[in-house]
Amino acid sequence: MKMLRQYELVERVKEYAPDVDEDRLNRAYVFTVQKHGSQKRASGDPYFSHPIEVAGLMTDLKLDEETIITALLHDTVEDTLVTIEEVENKFGKNVARLVDGVTKLSKIEAQTEDERAAENLRKFLLAISDDLRVLLVKLADRLHNMRTLHYIPKAEKRRRIAKETMDIYAPLAERVGMYEYMREMQLLSFEQLEPSAYKTITKRLEQIRGDEVGEVTKISEYITEEMAKGGLAVEVSGREKHPYSIWRKMEERHIAFEQLTDINAFRIITETEEDCYKALGLLHKKWKMVPGRFKDYISTPKRNGYKSLHTTIMYADTMRVEVQIRSADMHRSSEFGLAAHWGYKQQEQPDGKAGWIRDLIEILDTSYDAEDFLENTRMAMYQDRLFAFSPKGALYQLPKGATAIDFAFAVHTDLGCKTVGAKVNGRHVPLRTTLSNGDMVEVLISDGQEPQPNWLNFAVTGKARASIRRFVNKREKSELIAMGRKIFEDIISRVPETIGAKAIKGAITRLNLHSEEDMMYKVGAGTLKDRDLISALAPDLSETFDMGNWQAGDNIVSIRGLTSGLSYNLGECCHPVPGDRIVGLRIENQPVEVHTIDCHELVDGVDNDWIDLSWGDESEGGAAKIRAVIYNRPGMLAEVANIFGYQRANMMNLRLTARDAEFHTFEIDAEVHNKQHLMKIISSLRASDSVAEVERV
């Protein structure tokens with residue numbers, strides 16, 4: 001590829017910015033050539049050809065002078081001896097700030113790919129939250145690197161770069177409406193990640209082109225004629241969907257290539273927004289539309305500003321034809337998004353950030369670890385969207401599959417945390433209810449509510465999941481610290497020596513911990529063993545003290561408002577409920593398991609890891625498992641259900657485990673208040689003529 005020369009770059013910028021500082025541009029061009037010197041790319045080209053080509057991509061988007069210079073200098077700080085201070089002295093504060101923003105995405109050394117990608121993305125989001133031009137330069141940088149990716153000899157490295165591009169940079173391009181960049185990044189990544197699928201699909205597309213020469217032109221001309229008959233002058237073009245788009249459809253629908261009916265897509269460009277709707281009417285009048293395939297992104301634009309009408313028609317009664325209708329202004333914006341009308345109008349957004357970036361920054365603030373952050377951010381960036389409304393008519397975009405709880409967090413994090421219920425289109429629904437396009441959602445809240453761990457089972461947006469996890473992790477840590485203190489007190493009560501503040505301080509130092517709270521957390525989590533704790537607290541005593549004779553003591557850890565999934569898990573083997581005598585089993589790096597005292601899981605040899613537990617006064621009940629053998633006669637199961645209803649117990653699950661001519665055996669998961677409540681239910685079942693046998697599992 002011929003490299004863009006110095007005078008050519010300047011002339012390109014002058015075409016759309018006649019008042020550009022030519023001297024400053026020339027100095028930046030010469031600076032990057034000199035500083036990169038004899039460095040080479042994998043292709044063998046001089047390294048400085050890369051920043052120059054990135055600058056050329058910026059001129060295609062008609063971006064401002066500072067962005068062009070940033071593109072020229074974006075690798076100098078990372079790959080040469082140049083400093084940010086030197087860039088600021090030569091080209092000003094703004095350019096230095098932008099170059100520093102791109103440089104923050106320098107090589108990240110981490111243990112896993114996910115951690116590296118997450119840290120890369122984390123730094124990137126912080127940089128683009130300051131100025132979106134950092135994002136535009138980075139997208140062009142990544143696009144040019146993808147165009148030359150095939151020169152890298154190691155297949156593993158090519159795949160890693162392609163995966164990162166597919167997971168992070170293509171979605172970012174889509175989020176700012178730069179669809180041309182997005183499509184090319186996806187295509188180049190797809191070629192590396194799924195080479196056999198790429199070859200198969202491109203080969204089939206070549207065959208179709210040979211078989212259907214002129215078909216696209218014919219359909220375009222026919223649509224143009226129909227528009228003209230209706231008094232509309234439009235520009236119609238047809239294009240073949242690119243291989244990655246086709247492959248995704250095949251994967252989503254689980255169909256073969258031959259079953260696809262909409263390989264080609266057509267675009268109608270009108271003069272005005274009003275003409276878009278006229279064209280849609282003419283199109284639907286002439287050809288039948290495919291139900292469920294119409295989307296109006298003009299009245300409800302995407303969050304990146306994308307506007308267009310999408311529909312699918314049945315052409316010649318057998319061929320599905322996908323059509324997009326948009327004005328010329330919409331088309332310019334749709335291809336290059338924010339970059340197409342530079343300035344992204346900071347005055348229209350007081351904090352200078354697009355809404356989706358605010359969401360990503362919030363995820364950054366609330367994520368627990370690298371993998372969690374990456375997962376939630378991918379969710380926020382890369383899913384098809386639906387639109388839902390608040391009772392006051394405010395519009396919110398959510399990914400397909402979003403639930404009522406996702407809507408609550410989309411409105412505001414505080415609202416999501418206090419949510420107790422929801423109404424969709426005026427009807428009460430569970431929070432796990434999946435929303436449909438156009439739903440009106442009213443969120444019901446209570447000041448006493450807190451995020452629940454089970455919300456993670458159905459929350460799908462990154463923002464909701466990050467907020468719920470943050471609260472759950474915070475609550476889990478505080479509970480583990482509290483339990484650690486109780487266990488600590490239990491341990492030192494058995495030690496013959498007095499353990500005072502000085503001994504505790506010394507133990508913290510010996511264990512290389514930061515605080516007493518850290519020590520209690522490790523004790524509660526089971527990662528600090530009793531022997532190691534004693535050794536740290538009283539080194540002289542640990543050698544002579546016989547820990548093997550310890551039994552569970554009299555100190556009791558009370559469980560109040562027991563919450564499964566945090567610091568405690570109720571044993572799946574014995575299903576303890578309030579009223580049962582219970583013990584806790586400490587397992588390293590896992591929540592304490594709560595079992596009934598006679599549970600078969602509590603085998604010999606784990607005495608030292610037991611904790612005596614008791615149910616607190618505010619215990620909220622639990623799930624018990626009942627096995628019932630019912631006579632095989634009509635109406636018997638209904639009578640069993642009536643017994644549960646009479647006893648004000650909820651049947652959460654019912655499973656048929658055995659069947660013969662006379663009897664059916666069911667396992668019933670029942671929500672009960674306590675052991676006494678459970679025994680009342682069992683007694684009522686045993687007294688019923690419908691039940692042959694019943695027992696607690």
Side-chain angles (χ1 to χ4, degrees), residues 403-405 408 418-424 427-434 444-446 448-459 468 472 559-566 568-582 593-596 599 615-631 634-658 664-697:
T403 60
I405 198 65
K418 295 177 181 178
T419 299
V420 293
K423 289 183 179 179
V424 174
R427 184 171 59 87
H428 276 282
V429 299
L431 290 177
R432 64 173 61 247
T433 301
T434 301
L444 309 175
I445 64 171
S446 168
Q449 176 66 304
E450 295 176 340
Q452 300 301 305
N454 69 313
W455 289 359
L456 289 169
N457 296 332
F458 50 84
I468 297 164
V472 167
I559 306 175
R560 296 181 180 274
L562 188 66
T563 305
S564 179
L566 289 176
Y568 313 90
N569 280 335
L570 292 174
E572 291 290 328
C573 42
C574 53
H575 301 280
V577 296
D580 286 328
R581 187 181 169 199
I582 51 175
E593 284 188 2
V594 180
H595 297 267
T596 59
C599 177
W615 299 96
D617 296 334
E618 301 169 8
S619 299
E620 298 173 347
K625 191 183 293 291
I626 298 169
R627 182 179 296 114
V629 180
I630 301 172
Y631 291 105
M636 298 297 99
L637 193 57
E639 186 173 334
V640 169
N642 284 335
I643 291 171
F644 276 89
Y646 180 77
Q647 294 293 345
R648 298 189 176 278
N650 188 25
M651 295 171 66
M652 298 184 297
N653 199 6
L654 180 71
R655 292 178 300 281
L656 178 66
T657 59
H664 288 175
T665 302
F666 290 92
E667 281 193 356
I668 304 167
D669 292 339
E671 207 169 46
V672 298
H673 304 312
N674 49 42
K675 186 177 182 180
Q676 290 72 30
H677 187 207
L678 173 60
M679 296 316 296
K680 277 186 179 181
I681 296 168
I682 291 175
S683 296
S684 297
L685 289 170
R686 284 174 177 162
S688 170
D689 292 336
S690 302
V691 180
E693 295 176 16
V694 62
E695 63 178 342
R696 180 182 178 186
V697 179

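- With values rounded to the nearest 0.5 angstrom, T665 atom OG1 is found 8.0 Å from E693 atom CD.
- Few gaps surround CG on N457; more than 12 heavy atoms of other groups in view lie less than 6.0 Å from it.
- Atom-to-atom distance recorded for N650:CG and R648:CZ is 12.5 Å, nearest 0.5 angstrom.
- Heavy-atom minimum distance, A641 versus M651: CA-SD, 3.9 Å.
- The distance from the CD1 atom of I626 to the CZ atom of F666 is 14.0 Å, given to the nearest 0.5 Å.
- Put simply, the side chain of N674 gets close to the backbone of Q676: a donor and an acceptor are under 3.5 Å apart.
- Closest of all the heavy-atom pairs between H595 and C574 is CA-SG, 3.6 Å.
- Nearest approach of K625 to H575, heavy atoms of both residues: CE-NE2, 3.0 Å.
- T596 and R696 make their closest contact through CG2-NH2, 4.4 Å (heavy atoms, listed as atom of the first residue, atom of the second, distance).
- Using bins of under 30°, 30° to 60° and over 60° for the plane-to-plane angle, the ring pair H673/H677 lands in the parallel bin.
- Under the 4.5 Å side-chain criterion, counting only non-hydrogen atoms from C-beta, E667 is not in contact with N653.
- Using modelled atom types, one side-chain atom of Q449 and one backbone atom of T419 make a donor-acceptor pair closer than 3.5 Å.
- Between I668 and F644, some side-chain heavy-atom pair lies under the 4.5 Å cut-off.
- Y646 pairs by the ring-ring contact (aromatic ring centres under 6.0 Å, His included) definition with nothing, not counting sequence neighbours.
- Considering every non-hydrogen atom in both A624 and V672, the closest pair reads CB-CG2, 4.2 Å.
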Would you give me the side-chain donor-acceptor pairs under 3.5 Å for residues 678-687, sequence neighbours excluded?
{"residue": "S683", "atom": "OG", "partner": "M679", "partner atom": "O", "Å": "2.9"}
{"residue": "S684", "atom": "OG", "partner": "Q647", "partner atom": "NE2", "Å": "2.9"}
{"residue": "S684", "atom": "OG", "partner": "K680", "partner atom": "O", "Å": "3.0"}
{"residue": "R686", "atom": "NE", "partner": "V694", "partner atom": "O", "Å": "3.3"}
{"residue": "R686", "atom": "NH2", "partner": "V694", "partner atom": "O", "Å": "3.1"}

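- Residue L431 forms a side-chain contact (heavy atoms from CB on, under 4.5 Å) with just one option from I405, T403, L444, V420, and that option is I405.
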